[in-house]
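Quantities reported herein were computed from a predicted structural model and do not represent experimental measurements. Because only heavy atoms are used, hydrogens play no part in the values below, and waters and symmetry mates are left out as well, while side chains stay in. Residues: numbered from 1 along the sequence shown.
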Amino acid sequence: MAGGAAADILSAMDDDPGFFEAFDTVLTPLLEHEALAGLVGGLHSSGALAALLGTVARDRVAPTLGLAEPVAESVVAALLTHQVLEEDPHGGLRLTPLWRALVADDAYSDLGDNLRTGLIMGRLLAGIGAGDYWSMPPDDRLVLARAVSPNPYAAGLVAAFRADIAGDPDRADLLTGCRLLELGCGVAGRILTTLQAAPGLTAVGVELSPDLAAEAARRAAELGLSDRFSVVCGDAGDYTTEEPFDRAFWSQFFFPVESRPGALAALHAALRSRGIATAPLAGDEPGDALFRVMLASWGVPLRTADELMAEVEAAGFTEVEVVGVGEPGPSSVRFRRP
């Protein structure tokens with residue numbers, strides 16, 4: 001029996017993948033994706049990627065990329081292999097449709113910020129358990145805040161926001177004039193994009209991080225929106241107002257457990273009767289798994305839709321429902337103050 005058991009073990013070992021098979025199957029795609037992110041990020045920063053939105057003739061690719069001919073040829077080959085570029089019937093090159101969407105003027109957030117966010121998350125997860133959100137370098141917090149919110153400098157995105165609002169009777173008040181509050185506004189990408197799309201709107205953002213609050217104020221001034229937007233630097237749970245808000249947004253997946261009851265109480269007090277609030281849900285698709293690890297390491301509870309609905313109901317809100325399921329972007333929980 002002992003000999004038979006040993007034979008079974010050896011047979012099982014023969015079936016296991018060897019080092020080089022494992023390397024090629026697991027590590028090669030991972031390392032290539034990291035290298036591709038660096039290459040694409042550099043091309044984006046130089047403006048070369050945007051130049052490839054339109055078709056570029058083969059003999060113009062090297063100067064478009066700002067590279068010597070032999071290097072440009074190898075770069076083109078790599079980008080074709082990884083389906084960043086495609087070739088037209090006449091031999092010209094341009095970005096594939098998916099990559100065009102990432103650099104178009106209606107892109108939700110900046111490609112460079114998104115690529116840098118991957119590097120930031122990698123550093124955070126490499127030291128998992130050794131730090132939290134507040135131990136991140138300020139520049140990393142700024143990049144992450146920009147990447148997870150709409151880009152208010154994208155004219156096409158502002159136009160898309162305007163069209164969405166105009167086509168939704170439930171949000172007609174945004175166009176005729178109302179007050180909007182955001183708890184956890186970060187660098188105010190959502191508010192500033194919405195303010196440009198809805199000229200009658202005024203808004204207040206509350207942000208705990210002084211560097212993010214300062215950047216939100218700077219962006220508002222740069223966009224000419226300081227007369228309709230103000231940012232309050234402080235704990236969302238401490239926020240009070242004499243003038244109630246018609247609508248509110250709670251960036252709940254950046255609020256640790258201990259901060260949530262106070263934030264919801266402040267939100268309840270700040271909304272007028274029948275005022276509407278929304279809170280985004282953290283995605284639960286496979287591509288969201290590492291983002292959720294990062295949130296969990298910061299003490300943020302990974303609420304399911306049902307759990308978030310129960311949380312806001314317990315805070316005194318009514319008409320709680322999930323919205324946006326099946327639509328592009330994250331779904332949300334929407335609720336009202338009675």
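- With sequence neighbours left out, the salt bridge (Lys or Arg N to Asp or Glu O under 4.0 Å) criterion links Arg303 to Glu311.
- Judged by distance alone, with hydrogens and angles left aside, the side-chain atoms of Arg228 form a donor-acceptor pair with the main-chain N or O of Leu201 at under 3.5 Å.
- Side-chain contact between Glu313 and Thr318 is absent, with no heavy atoms from C-beta onward closer than 4.5 Å.
- The two residues Cys233 and Pro210 make their nearest non-hydrogen contact at SG-CA, 3.6 Å.
- Relative ring orientation between Tyr239 and Phe245 is described as tilted, the plane-to-plane angle lying within the 30° to 60° band.
- Heavy-atom minimum distance, Pro152 versus Val158: O-CG2, 4.0 Å.
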Got a list of side-chain donor-acceptor pairs under 3.5 Å for residues 109-120, not counting sequence neighbours?
unit_1	atom_1	unit_2	atom_2	d
Ser109	OG	Asn114	OD1	3.3
Ser109	OG	Asn114	ND2	3.0
Ser109	OG	Ala147	O	3.3
Asp110	OD1	His44	NE2	3.2
Asp110	OD2	Gly112	N	3.0
Asp110	OD2	Asp113	N	3.1
Asp113	OD1	Arg116	NH2	2.8
Asp113	OD1	Arg146	NE	3.3
Asp113	OD1	Arg146	NH2	3.0
Asp113	OD2	Arg146	NE	3.0
Asn114	ND2	Asp110	O	3.1
Thr117	OG1	Asp113	O	2.8

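- Note that the CD atom of Gln196 and the CZ atom of Phe229 stand 12.0 Å from one another [nearest 0.5 Å].
- Between Pro261 and Glu258, the closest heavy-atom pair is CD-O, 3.9 Å.
- Contact check for Leu295 versus Val293: no side-chain heavy atoms found under the 4.5 Å cut-off.
- Expressed to the nearest 0.5 Å, how far CG of Leu85 lies from CH2 of Trp99 amounts to 10.0 Å.
- Sorted by first and then second residue, the side chain to side chain donor-acceptor pair (under 3.5 Å) pairs involving residues 328-338 (not counting sequence neighbours) are Glu319-Arg336, Glu321-Arg334.
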I'd like a table of donor-acceptor pairs (distance under 3.5 Å, sequence neighbours excluded) in which one partner is a side-chain atom from residues 63-79, with atom names and distances.
unit_1	atom_1	unit_2	atom_2	d
Thr64	OG1	Arg60	O	2.7
Ser74	OG	Val71	O	2.7

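- With hydrogens and angles disregarded, a donor-acceptor distance shorter than 3.5 Å links the side chain of Thr304 to the backbone of Glu307.
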Trace of the salt bridge (Lys or Arg N to Asp or Glu O under 4.0 Å) decision for Asp173 with Arg247: CA-CA 10 Å; Asp173 59 325; Arg247 290 179 175 268; 3.1 Å; yes

Audit row: Phe255, Leu208, side chain to side chain contact (heavy atoms under 4.5 Å, CB included) steps and yes/no: CA-CA 10 Å; Phe255 280 72; Leu208 183 59; over 6 Å; no

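- Ion pair Arg141/Asp211 flagged as a salt bridge, since at least one NZ, NE, NH1 or NH2 atom sits closer than 4.0 Å to an Asp/Glu carboxylate oxygen.
- Atoms OG and CH2, from Ser209 and Trp134 in turn, are 4.5 Å apart once rounded to the nearest 0.5 Å.
- Annotation: side chain of Asn151 is not in contact with side chain of Thr193 (no heavy-atom distance under 4.5 Å).
- Listed for the Glu207 side chain is no donor-acceptor partner under 3.5 Å among the backbone atoms of Val232.
- To the nearest 0.5 Å, atom OG1 of residue Thr202 and atom CG of residue Leu181 are 11.0 Å apart.
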Using side chain to side chain contact (heavy atoms under 4.5 Å, CB included), reason through Asp59 and Val61 one step at a time and then give a plain yes or no. CA-CA 6 Å; Asp59 61 357; Val61 170; over 6 Å; no

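- In terms of modelled atom types and a separation under 3.5 Å, the side chain of Asp139 and the main chain of Leu142 share no donor-acceptor contact.
- Summarising the geometry of Pro338 relative to Phe317, their closest heavy-atom pair is CD-CA, 4.4 Å, with the distance given to 0.1 Å.
- When side chains are defined from C-beta on, Val333 does not count as touching Thr278, because their heavy atoms never get closer than 4.5 Å.
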Name the atoms and distances for all side-chain donor-acceptor pairs under 3.5 Å in residues 27-41, with sequence neighbours left out.
unit_1	atom_1	unit_2	atom_2	d
Thr28	OG1	Phe23	O	3.3
Glu32	OE1	His82	NE2	3.4
His33	ND1	Pro29	O	3.1

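- Looking only at side-chain heavy atoms (C-beta outward), Leu180 and Asp246 stay at 4.5 Å or farther from each other.
- Scanning both residues, Ala197 and Pro199, for their nearest heavy atoms gives O-CD, 3.6 Å.
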Could you walk me through whether Asp132 and Ser297 satisfy the side chain to side chain contact (heavy atoms under 4.5 Å, CB included) test, starting with their C-alpha distance in whole Å, then the side-chain angles of each, then the deciding distance to 0.1 Å, before giving a yes or no? CA-CA 7 Å; Asp132 59 15; Ser297 75; over 6 Å; no

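- The shortest distance between side-chain heavy atoms of Leu93 and Leu80 falls below 4.5 Å.
- With sequence neighbours excluded, the residues that form a salt bridge (Lys or Arg N to Asp or Glu O under 4.0 Å) with Asp168 are Arg171.
- When all heavy atoms of Gly275 and Leu271 are compared, the pair lying nearest together is O-CD1, 3.9 Å.
- Using modelled atom types, no side-chain atom of Glu182 and backbone atom of Gly205 make a donor-acceptor pair closer than 3.5 Å.
- Distance CG/Leu225 to CG/Leu192: 6.0 Å, rounded to 0.5 Å.
- Leu264 has its side chain within reach of Trp250: a pair of non-hydrogen atoms, C-beta onward, lies under 4.5 Å apart.
- Listed by chain and number, the residues in a side chain to side chain contact (heavy atoms under 4.5 Å, CB included) with Val148 are Leu144, Phe254 (sequence neighbours excluded).
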For side chain to side chain contact (heavy atoms under 4.5 Å, CB included), just list the numbers for Asp140 and Arg123, CA-CA rounded to whole Å, side-chain angles, deciding distance to a tenth of an Å, and then say yes or no. CA-CA 10 Å; Asp140 284 359; Arg123 291 196 295 270; 2.8 Å; yes

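- Evaluation of the side-chain hydrogen bond (donor to acceptor under 3.5 Å, both in side chains) rule for Arg218 yields Glu215, Glu222 as partners, not counting sequence neighbours.
- With sequence neighbours excluded, no residue satisfies side-chain hydrogen bond (donor to acceptor under 3.5 Å, both in side chains) with Asp288.
- The backbone N or O of Gln83 lies less than 3.5 Å from a partner atom in the side chain of Thr96, making a donor-acceptor pair.
- Proximity of Arg94 to Val56: side-chain heavy atoms (C-beta onward) are nowhere separated by under 4.5 Å.
- Note on residues 140-188: no pairs pass ring-ring contact (aromatic ring centres under 6.0 Å, His included), not counting sequence neighbours.
- Arg100 pairs by the side-chain hydrogen bond (donor to acceptor under 3.5 Å, both in side chains) definition with Glu86, not counting sequence neighbours.
- Both cation-pi conditions hold for Arg190 and Phe249: the charged atom is under 6.0 angstrom from the six-membered ring centre and inside a 45 degree cone around its axis.
- Distance check: Asp105 CG to Leu157 CG gives 9.0 Å after rounding to the nearest 0.5 Å.
- Residues meeting the side-chain hydrogen bond (donor to acceptor under 3.5 Å, both in side chains) test with Gln252, sequence neighbours left out: Arg260.
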